[in-house]
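Below is one structure; the comments refer to it alone.
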Amino acid sequence: MKTKPQPKPENLHALVNEVIGDCLMTRTRRISRVLTNLFDQELRPFGLNASQFSLLVLIARMEGASRAEIGRANHQERSTSTRNLQLVLDQGWAEERVPDKGRSRPIVISTAGRALLTEAMPAWRSAQAKAKRMLSPHGATAVVDLAAGLPVDALPG
């Protein structure tokens, strides 16, 4: 059995320093965790987390999209999207409509989901203001601009 050569300690040190200093992935994941936690805390009294809130807004905006369309628009791979959608459906915040024809069952926001979004908006606004202060006006604008430029088909499936 052939083993892969291990990097020399000084090379490992250089690799670690490169990632610590320049890695966009680790930094964006850290920012994401901090911001998600902030929104989760504000939305918790409504029995809702940041991911579910975001998904409900997306469902409301799309006004009757398939599971695959919602997953693509949310930049999620299929199993993650299916799991998250099922939680929202199980809570009664969204519902599948029986189509007139065809196999696709469009998902729409329910009356309960609309009410929940309305009730939770002050908490979202509070979290949004805190996030903007944390990121600075320039940082907040950069995040919005970067997200707006992401391709819809960034993930396969």
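- With hydrogens and angles disregarded, a donor-acceptor distance shorter than 3.5 Å links the side chain of S110 to the backbone of G92.
- From Q86, atom CD reaches atom CZ of R67 across 5.5 Å, with rounding to the nearest 0.5 Å.
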Apply side-chain contact (heavy atoms from CB on, under 4.5 Å) to R114 and W93, showing your working.
CA-CA 8 Å; R114 282 189 190 94; W93 300 330; over 6 Å; no
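- Nearest heavy atoms, A73 versus R61: CB-NH2, 4.5 Å.
- The aromatic rings of W124 and F53 lie parallel to each other, with less than 30° between the two planes, well short of the 60° mark.
- Closest of all the heavy-atom pairs between L89 and E96 is CD2-N, 4.0 Å.
- Separating the CG atom in N49 from the CG atom in L43 is a distance of 8.0 Å, to the nearest 0.5 Å.
- Side chains of Q128 and S126: no donor on one and acceptor on the other come within 3.5 Å.
- The backbone N or O of Q76 sits nowhere less than 3.5 Å from a side-chain atom of N74 that would complete a donor-acceptor pair.
- A salt bridge between E42 and R44 is absent, with no side-chain N of the basic residue lying under 4.0 Å from a carboxylate O of the acidic one.
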Under 3.5 Å, which donor-acceptor pairs link side chains of residues 28-37 to any protein atom two or more places apart or in another chain?
unit_1, atom_1, unit_2, atom_2, d
T28, OG1, L24, O, 2.9
T28, OG1, M25, O, 3.1
T36, OG1, S32, O, 2.7

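- Cluster membership check: L116 does not share its hydrophobic cluster with L87, using side-chain heavy-atom separations under 4.5 Å among Ile, Leu, Val, Met, Phe, Trp and Tyr.
- To the nearest 0.5 Å, atoms CE (M62) and CZ (R72) are separated by 8.0 Å.
- Atom CG of residue L48 and atom CG of residue D40 lie 9.0 Å apart, to the nearest 0.5 angstrom.
- Side-chain atoms of S81 never come within 3.5 Å of backbone atoms of E77 as a donor-acceptor pair (strictly under, hydrogens ignored).
- A pairwise comparison of heavy atoms in V19 and T26 identifies O-OG1, 4.3 Å as the closest pair.
- Closest non-hydrogen pair, K132 versus A140, comes out as CG-CB, 4.0 Å.
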Intermediate values then yes/no, side-chain contact (heavy atoms from CB on, under 4.5 Å), I109 and L117
CA-CA 10 Å; I109 192 162; L117 284 179; 3.5 Å; yes
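- Closest approach of A60 to E63, counting heavy atoms only: O-CG, 3.3 Å.
- E69 is linked by a side-chain hydrogen bond (donor to acceptor under 3.5 Å, both in side chains) to S66, counting only residues two or more places apart in sequence or in another chain.
- Rounding to the nearest 0.5 Å places CG of L58 at 11.5 Å from CG of N84.
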Begin with the C-alpha distance, continue with both residues' side-chain angles, and end with the deciding distance and a verdict on side-chain contact (heavy atoms from CB on, under 4.5 Å) for L55 and Q52.
CA-CA 5 Å; L55 183 56; Q52 293 162 340; 5.6 Å; no
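- No single ILVMFWY cluster, assembled from side-chain heavy atoms under 4.5 Å apart, contains both V57 and V108.
- Within the model, atoms CZ of R125 and NZ of K130 stand 15.5 Å from one another, a figure rounded to the nearest 0.5 Å.
- Formation of a donor-acceptor pair under 3.5 Å by the S54 side chain with backbone atoms of A50 is not found in this model.
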